**Student:** 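Sharing a structure, written as structure tokens. Questions coming.
What you see is a predicted model; the values in this text were computed from it and never measured. Every chain is numbered from 1 and lettered A, B, ... according to where its sequence line falls, protein lines coming before strand lines.
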2 protein chains.
Amino acid sequence: MVMDFSQIRRSEHLPARIASQIGREISDGRIIAGEKLPTEHILAKTFGVSRSVVREAIAQLRNEGLVETRQGVGAFATDIEHRHSIRIEQGNLADRVSFQSLFQLRLPLEIEAAGLAAVNHTAEDLSKLDEALEQMTGGEKWTEKGVLADLAFHRQIAASTHNEYFLLFLGFIAERIHLAINTAREAAVLTEIVEVTIAEHLSIRDALASRDPIRAREAMRHHLNGAASRLNLQLKVY
Amino acid sequence: MVMDFSQIRRSEHLPARIASQIGREISDGRIIAGEKLPTEHILAKTFGVSRSVVREAIAQLRNEGLVETRQGVGAFATDIEHRHSIRIEQGNLADRVSFQSLFQLRLPLEIEAAGLAAVNHTAEDLSKLDEALEQMTGGEKWTEKGVLADLAFHRQIAASTHNEYFLLFLGFIAERIHLAINTAREAAVLTEIVEVTIAEHLSIRDALASRDPIRAREAMRHHLNGAASRLNLQLKVY
DNA sequence: ATTGTACGGTTGTCTGATAACCTTATATGC
DNA sequence: GCATATAAGGTTATCAGACAACCGTACAAT
């Protein structure tokens with residue numbers, strides 16, 4: 001059998017690439033909402049793969065809400081408003097610009113969350129926050145455990161807003177950022193500055209405890225600015 | 001005709017049911033993170049379906065980030081923090097508290113986006129923004145077209161930040177919110193106030209054009225506050 | 001005009017086989 | 001003895017072809 005190198009090279013997961021290719025056709029409007037996609041047979045022949053691969057690709061698009069399938073009829077591009085998920089490929093964050101962009105998105109959310117948490121938190125929230133703080137001070141270095149405690153601290157603030165979406169989005173974003181940091185840089189760089197982080201966390205905690213949203217926002221802004229500069233990011237903050 | 005009730009009712013998408021069943025095993029902790037799932041052969045035999053169905057189920061779990069597969073090795077349950085997608089069921093937004101929560105999340109993002117867009121936008125961005133504005137003024141009423149133009153306006157601001165994640169997140173959130181509005185209330189309520197919206201949009205546009213981030217942020221804040229009160233939401237805004 | 005039926009096309013599922021890949025164990029060369 | 005190369009077995013990835021379930025339409029029968 002003769003290989004056809006005009007086709008995409010087999011680097012990564014065939015169905016995913018075909019799914020993103022079809023997905024682009026939809027996003028870019030070359031396939032209009034409601035329009036019927038080519039049949040699986042035709043798609044298979046078009047991409048030069050088997051029907052199994054096409055089916056898996058379409059299944060992925062269906063999970064993302066970009067298409068709907070009806071047995072015996074076909075697959076149809078859905079209206080954009082049926083998309084009910086958002087997705088970040090971790091690989092994208094290896095690129096510095098992308099990483100910085102996500103960090104910049106995180107800023108206003110964390111600051112707002114701090115302000116809301118200052119107003120809305122309960123006594124139980126505060127004690128959970130203190131637990132997370134203790135776990136950071138307990139560990140000597142910026143170990144795996146320290147990173148998890150840092151995540152837990154921010155997560156608890158998001159939870160203290162008592163707004164489910166702040167927890168959902170911030171938890172997701174913070175995890176992605178921390179994961180990118182851990183894979184990209186050696187943890188050693190960060191050991192020396194863990195005391196600074198703890199001090200900043202404490203100042204946030206105190207502002208929260210006194211139910212002062214303005215101070216809580218300022219403390220969080222200061223903390224994130226510090227974290228950004230420690231990561232050599234150049235962010236505009238207002 | 002004789003029905004065979006011994007079989008499971010073939011009501012809905014075999015792979016989806018199996019995926020949710022396996023997914024529950026993971027969520028409920030019966031399969032620990034990092035643990036290897038049974039092989040596809042065994043799963044197929046266990047559930048009494050073919051390997052194709054099992055594969056499609058596992059592909060769905062992989063899309064949701066609950067498992068990772070390695071060719072030649074197996075499928076493994078991932079830690080929760082490896083989930084790389086975020087999802088909102090539209091049904092949740094029917095509930096007023098949830099809707100208000102999402103709107104509150106949107107506020108700081110839109111405001112920050114306005115500030116960033118004021119600094120980062122290009123001439124091309126501005127002309128696209130004007131296009132969206134014209135489409136709103138052109139239509140007489142708050143029709144389907146008007147809603148789309150409103151979405152396009154906010155979307156263009158997010159794009160003008162030249163930060164891919166602002167576009168990704170804000171586009172997603174704004175779409176969810178607008179869809180919830182359109183399904184919950186009759187459009188008629190909103191026809192009378194379309195002029196106010198246009199005026200506020202214009203003020204945002206002018207602040208952007210003069211590259212004044214502070215004014216842009218204030219204009220956006222004012223606009224969103226107005227929109228919130230028109231929807232009878234009670235939000236804390238700082 | 002309404003109902004029934006046959007037909008072609010499409011997705012859903014099944015079966016079996018081959019390729020690509022990983023892990024482990026064994027053999028080989030030094 | 002030790003490191004490297006090779007072989008073997010198991011698992012996922014992909015392929016190929018078939019049948020089942022289902023849909024829409026056209027046409028015949030009443």
**Student:** Does the side chain of B:T69 get closer than 4.0 angstrom to OP1 or OP2 of D:dT11 through an N or O atom?
**Tutor:** no
**Student:** On the nucleotide D:dT12, are OP1 or OP2 found under 4.0 Å from the side-chain N or O atoms that B:R55 carries?
**Tutor:** no
**Student:** Which whole-number value in Å describes the distance from A:L43 CG to D:dT14 C1'?
**Tutor:** 17 Å
**Student:** Distance check needed: D:dT14 P versus A:F47 CZ, whole Å only.
**Tutor:** 14 Å
**Student:** Tell me every residue that passes side-chain contact (heavy atoms from CB on, under 4.5 Å) with B:A152, counting only those two or more places apart in sequence or in another chain.
**Tutor:** B:A132
**Student:** Whole angstroms only, please: what is the NE2-P distance between B:H41 and D:dG10?
**Tutor:** 11 Å
**Student:** Rounded to the nearest angstrom, tell me the gap between atom CD1 in A:I18 and atom P in D:dT14.
**Tutor:** 9 Å
**Student:** Side-chain donor-acceptor pair under 3.5 Å between B:S52 and A:R55, yes or no?
**Tutor:** no
**Student:** Rounding to an integer number of Å, can you tell me how far A:R51 CZ sits from C:dG12 P?
**Tutor:** 8 Å
**Student:** Could you check whether the rings of B:H201 and B:F153 sit parallel, tilted or perpendicular, using 30° and 60° as the cut-offs?
**Tutor:** parallel
**Student:** Is there a side-chain contact between A:R70 and the phosphate of D:dG24, meaning an N or O under 4.0 Å from OP1 or OP2?
**Tutor:** yes
**Student:** Please tabulate, one pair per line, each protein N/O and nucleotide N/O from nucleotides 7-9 of chain C that are separated by under 3.5 Å, including the distance.
**Tutor:**
residue: C:dG9; atom: N2; partner: A:G72; partner atom: O; Å: 3.0

**Student:** Write down the atom of A:Q60, the atom of A:A16, and the distance for their closest heavy-atom approach.
**Tutor:** OE1-CA, 3.8 Å
**Student:** Between P on C:dT11 and CD on A:E68, what's the gap in Å once rounded to a whole number?
**Tutor:** 14 Å
**Student:** For the side chain of A:S52, counting heavy atoms from C-beta on, which of C:dC14, C:dT11, D:dC15 is nearest?
**Tutor:** D:dC15
**Student:** Whether B:R62 contacts D:dA13 is assessed here as follows: a side-chain N or O lying under 4.0 Å from the phosphate OP1 or OP2. Is that the case?
**Tutor:** yes
**Student:** With B:D125, which residues qualify under side-chain contact (heavy atoms from CB on, under 4.5 Å), at least two apart?
**Tutor:** B:H121, B:T122, B:Q156, B:S160, B:H162
**Student:** If you look at every heavy atom in B:I173 and B:L109, which pair is closest and at what distance?
**Tutor:** CD1-CD1, 3.9 Å
**Student:** Roughly, in whole Å, what's the span from CD in A:E56 to P in C:dT13?
**Tutor:** 14 Å
**Student:** With under 30° as parallel and over 60° as perpendicular, where do the rings of B:F172 and A:F169 fit, or are they tilted in between?
**Tutor:** tilted
